[in-house]
Colleague: 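Provided herewith is a single structure, encoded as structure tokens, for subsequent inquiry.
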2 protein chains.
Amino acid sequence: MTTPTVAPTTDTTPSTHAQPVDGALPLPVLRNVADLRAQVAAWRAAGQTVALVPTMGALHDGHLALVRRGRELADHVIASVFVNPTQFAPHEDFDRYPRDEAGDAAKLASAGCAALYAPSVRGMYPEGFATAISVGGPSEGLCGTFRPQMFGGVALVVTKLFLQALPDVAVFGEKDYQQLMVIRRFTRDLDIPVRVEGLPTVREADGLALSSRNAYLSVDERARAPELNRALIAAAAALSAGALLEDVLTAARARIAEAGFGTIDYVELRDADTLAPITRVERPARLLAAAWLGKARLIDNVPVLPA
Amino acid sequence: MTTPTVAPTTDTTPSTHAQPVDGALPLPVLRNVADLRAQVAAWRAAGQTVALVPTMGALHDGHLALVRRGRELADHVIASVFVNPTQFAPHEDFDRYPRDEAGDAAKLASAGCAALYAPSVRGMYPEGFATAISVGGPSEGLCGTFRPQMFGGVALVVTKLFLQALPDVAVFGEKDYQQLMVIRRFTRDLDIPVRVEGLPTVREADGLALSSRNAYLSVDERARAPELNRALIAAAAALSAGALLEDVLTAARARIAEAGFGTIDYVELRDADTLAPITRVERPARLLAAAWLGKARLIDNVPVLPA
């Protein structure tokens, strides 16, 4: 059991309106569960629906695409910004993870987001907190091997956010494909009454998947980074054309290494729904990779369709 | 992670009306989540509130007291009957745990229960189920030591029942005091929007706590069984009067052993709210015990007030 070590307190931080930034509309910022529930209850009382877009902030156009999708699916969108300590291991980048609430609020308002929910760490994990969630199945292998703490932390914080807001629908990006499958799994297993929607990865013009961690890349690394995606696309095409998995993966790893990536955590083929390891593409599959480029651990994935 | 091994299926068991038994009113029996949610939604649409009483069946007057308390707290009471495999270890009494749905339905109807929810094991834990919940804090020690599988299983099934029904309030007996504290803990930690109410233990005239497992007692054992409660009451009185904990526990264990109990799993003093071990009674405390009498493992607990 991993219990976050945080100072004891009860969250009584008042909610506020974010200051307008660069002419963007101001956005209500809710900082505790009571204010969040009051806002959702007011919308529900008016017969309106709610979409939730959970984020860790440092928002980019990929996040804003989730907000726009949420607006298609519901009357109002709430985005949460919470850098969740329970999904980071001690050696990982919790402390240096980029944070910019004013900038995030301006972007969310411009995308039509109705409210920003930004709870405190102490509000989420008060004194005496003692509960953990573990998910097998889709969390096994891939990032689950290299970041063993992550998916339990994700399951815990997403369960809390779901049950705090009780939205009709929540929207997540396929960029974090394994995370999306883990969220679908525990949401179904725990009977959480929230519909989970996935949205295809938003990319730069050169194919690089948008990620808050791209900020860690140097100019030179940024130029090399799209090779991760290109290697996956080429590999997916070869697999659909009937090439042997082992040959395809060897070629993909070589291409990623040649592009200047350091450690390649994994390049793997999985079933698209269960994430079970597979060796042949007989139904929809997914090719997933994680590799280090300088100080950034980049992940990407692409669909692989049967021939 | 403990995942129950059950055959794959999707639960499509139709819900029914229980047959009238001995002239009792019939009771709607809901057998899947869709029917449960439809019933709750119908009541909500009429502005009415709902209490849930989770049970494992084999109902006795203690359970019916929970139903009656539920009726005081909400417009309608749903009782669930589900013998949950994930909270039993392989050597425990899952298979022989008493089951009597017709009898349970008649009792519930007579107590004013509005519906019985009786999901199947396969409906609760379908193929691919992969999620577990663990709770530290109040689940540590006591029954958590002797039945290490239990509280994770309880947390999982109660979370599912809460999120399936989303009642306004749920009622549990103080007979299972540690379980009640564990349920309060994860309900709060996961932000489950359900109020958890505890009700004092219902006892036979001679003090024996009502329990479905009392059915395992022989006539002779049944006559000896109330000594567990008497030993706890005497110990609580001694502690409130300032006696030393060690002396009190030694005397209590001796009295329980003299009554013919076999293995005494524990007799312990704990803080009444956190269940943290304590040695002196400076604020409300709880004295808890578990001991074997023949084939029955009996548990009991009593409040201990500061002098």
Colleague: Between A:G137 and B:A130, what is the shortest heavy-atom contact and its length?
Modeller: N-CB, 3.9 Å
Colleague: With only heavy atoms counted, which part of A:L161 is less than 4.5 Å from chain B, the side chain, the backbone, both or neither?
Modeller: neither
Colleague: Do you know which two heavy atoms are closest between A:R188 and B:E127, and how far apart they sit?
Modeller: NH2-O, 4.3 Å
Colleague: Taking atom CZ of B:R280 as the centre, does the number of heavy atoms from other residues, nucleotides or ligands within less than 6.0 Å exceed 12?
Modeller: no
Colleague: Any side-chain heavy-atom pair from A:D189 and B:L156 closer than 4.5 angstrom?
Modeller: no
Colleague: Out of A:R185, A:Q164, A:R37, return the one with the most heavy atom pairs under 4.5 angstrom to chain B.
Modeller: A:R185
Colleague: Is any side-chain heavy atom of A:L190 less than 4.5 Å from a side-chain heavy atom of B:I133?
Modeller: yes
Colleague: State, yes or no, whether a side-chain contact exists between B:L166 and A:L166 at a heavy-atom distance under 4.5 Å.
Modeller: yes
